[in-house]
There are 2 protein chains.
Amino acid sequence: MANRINLDRILKILEATSTLEGIQDVIEKVRDLFEIDHIVYHWVDSAGDQYGCGTYSDDWVQRYLDQEYLRTDPVIIGCYQRFHPVDWKRLDWSSKSARIFLADAQAHGVGNQGYSIPIRGPNGQFALFSVSHNCDDATWEKFTEKYSRDLILLAHYFNRKALDFEPNRAPEQSRTLSPREVDVMTLLAMGYSRAQVAETLAISEHTLRVYIESARFKLGALNTTHAIARAMSRGLIVV
Amino acid sequence: MANRINLDRILKILEATSTLEGIQDVIEKVRDLFEIDHIVYHWVDSAGDQYGCGTYSDDWVQRYLDQEYLRTDPVIIGCYQRFHPVDWKRLDWSSKSARIFLADAQAHGVGNQGYSIPIRGPNGQFALFSVSHNCDDATWEKFTEKYSRDLILLAHYFNRKALDFEPNRAPEQSRTLSPREVDVMTLLAMGYSRAQVAETLAISEHTLRVYIESARFKLGALNTTHAIARAMSRGLIVV
DNA sequence: TTCGCCCTCCCCCAAAACAGCGAGGGTGAA
DNA sequence: TTCACCCTCGCTGTTTTGGGGGAGGGCGAA
């Protein structure tokens, strides 16, 4: 496998790329530079949507979608609870569905070795950056050890690009909440009832209601729960 | 500021460190190597807890906690919605509370320049890795441009360590929601009432309630609003 | 097979939230 | 000064949730 990589150059090219086709070119170029079989960037939305780009065969990608492997793929499941990059060997392949998945993946040309880096963005965004290859354990360990830092940076930059392309939830700068409203919404998000919040803030429950309604109005929310959800996803409150 | 950094060496030392005191040593060493004023790693928990380590004065740290600046700090608020590292100059400092915070920070020796990298881990974990310094804009831009990749890696490795020290903040936390529960929570977060959700999912309202209660239980939430807030901050649902 | 978990449905009643109508005083900007 | 917004407090209802019981079938793992 590759001996020396000019990572800076790759990252600069990636940064300058502005089309999906360009990304595909870059990912293939990176794969060739690293001299490995596959590189994949895989975005997983918790709503179930996914977007991927990489060097897997179309057959395998289609198969993955058709079989809804998203729910059984041990790489996804394992990485979802982790922060560290992980070698595929260290994942849990014991379940029956995992073994079926593995056999299917191998049959479609996915290498016997793999290394995945979980990445997370705002609003619960989750993605994986994976490299895979066909080789023995020792060779693979040498590879991952040597390039783990480069791979982390690559993962970071690929995700950056993905977020650039994603129609970012409109940066609507809605009116901000007043300090008191922030207090109220924060306490509500912490599970306090209206009565508890009123007591905590040492105001009457009636006053409290005015704040909630005002915040609800500002956020265009249908009820308190909705208002909390909007305030959180806009980063107006931190809980 | 620093001319050449042997990042590999730093990261290896950091990886080998196993005590909080050791981390503090490393962070100070790194600051000296970069020849800047401050480096801070700041963990923000979804419960509102925070843990930090860095080179700020104890006075400022205490002040930050006392004033609950977590809720007003534009760096926190700004980074919470971003994936990209961000220069402090590009944040929104227009609100009154932000200006008060800024003045207070300056008075406590925080530099006029700053650069923060948001980091996210499993279960909605969120942290910031920040560097700050006192210098003019041009010098700072040169610094951040030159070292942004090193800083990303440092952020990543510091967060790794933090997660190592904090294996799992709650054993039950890792429990995920069932698909149906995700549906329910998502629709509730979108402002639907129970009746509307039940109609949308074509199930009885009674069934619906079972899901809500089950989700509430799994999330350790006190009521529906709380459950929504927790599910969101853990990235289990996206709205 | 048993056990655990997921999905589905039903009852009742108390507690909480929502919705509408009010009121007044403070502050900061145009 | 006016105007907008923030903070505070009150009343009377209706609607929605929450908590306590239940029941049964399905599916996958141990």
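A, B, ... follow the sequence lines: proteins, then strands. Residue 1 opens every chain.
Each of A:R234, A:H226, A:E181 was evaluated against A:L219; a single residue qualifies, A:R234, per the side-chain contact (heavy atoms from CB on, under 4.5 Å) test. With respect to B:I228, the side-chain contact (heavy atoms from CB on, under 4.5 Å) criterion is satisfied by exactly one of B:L188, B:N223, B:L236: B:L188.
Looking at heavy-atom distances under 4.0 Å, A:T207 makes contact with a base. Across all strands, B:T224 comes closer than 4.0 Å only to sugar-phosphate atoms, never to a base (heavy-atom distances).
Between A:L188 and B:P179, the residue whose closest nucleotide on DNA chain C is further toward the 5' end is B:P179.
Taking side-chain N and O atoms only, B:R194 has a distance below 4.0 Å to OP1 or OP2 of D:dT17. Taking 4.0 angstrom as the limit, B:R209 places none of its side-chain polar atoms (N or O) nearer than this to OP1 or OP2 of D:dT16. Contact check, B:R216 against D:dT17: no side-chain N or O comes under 4.0 Å of OP1 or OP2. Phosphate contact (OP1/OP2 of D:dC9, side-chain N/O of A:S204, threshold under 4.0 Å): present. Dashed line: the shortest gap from a side-chain N or O of A:K96 to OP1 or OP2 of D:dC27 is not under 4.0 Å. Using a 4.0 Å cut-off, some side-chain N or O of B:R180 falls inside it from OP1 or OP2 of C:dT8.
Between the CG atom of B:N223 and the P atom of C:dA14 there is a distance of 21 Å, rounded to whole Å.
In this structure, A:R63 does not pair ionically with A:D66, as no charged nitrogen and carboxylate oxygen lie closer than 4.0 Å.
The side chain of A:V210 sits closest to D:dC9 out of D:dG18, C:dA17, D:dC9.
B:D104 and B:Y69 form a side-chain donor-acceptor contact under 3.5 Å, judged by distance and modelled atom types alone.
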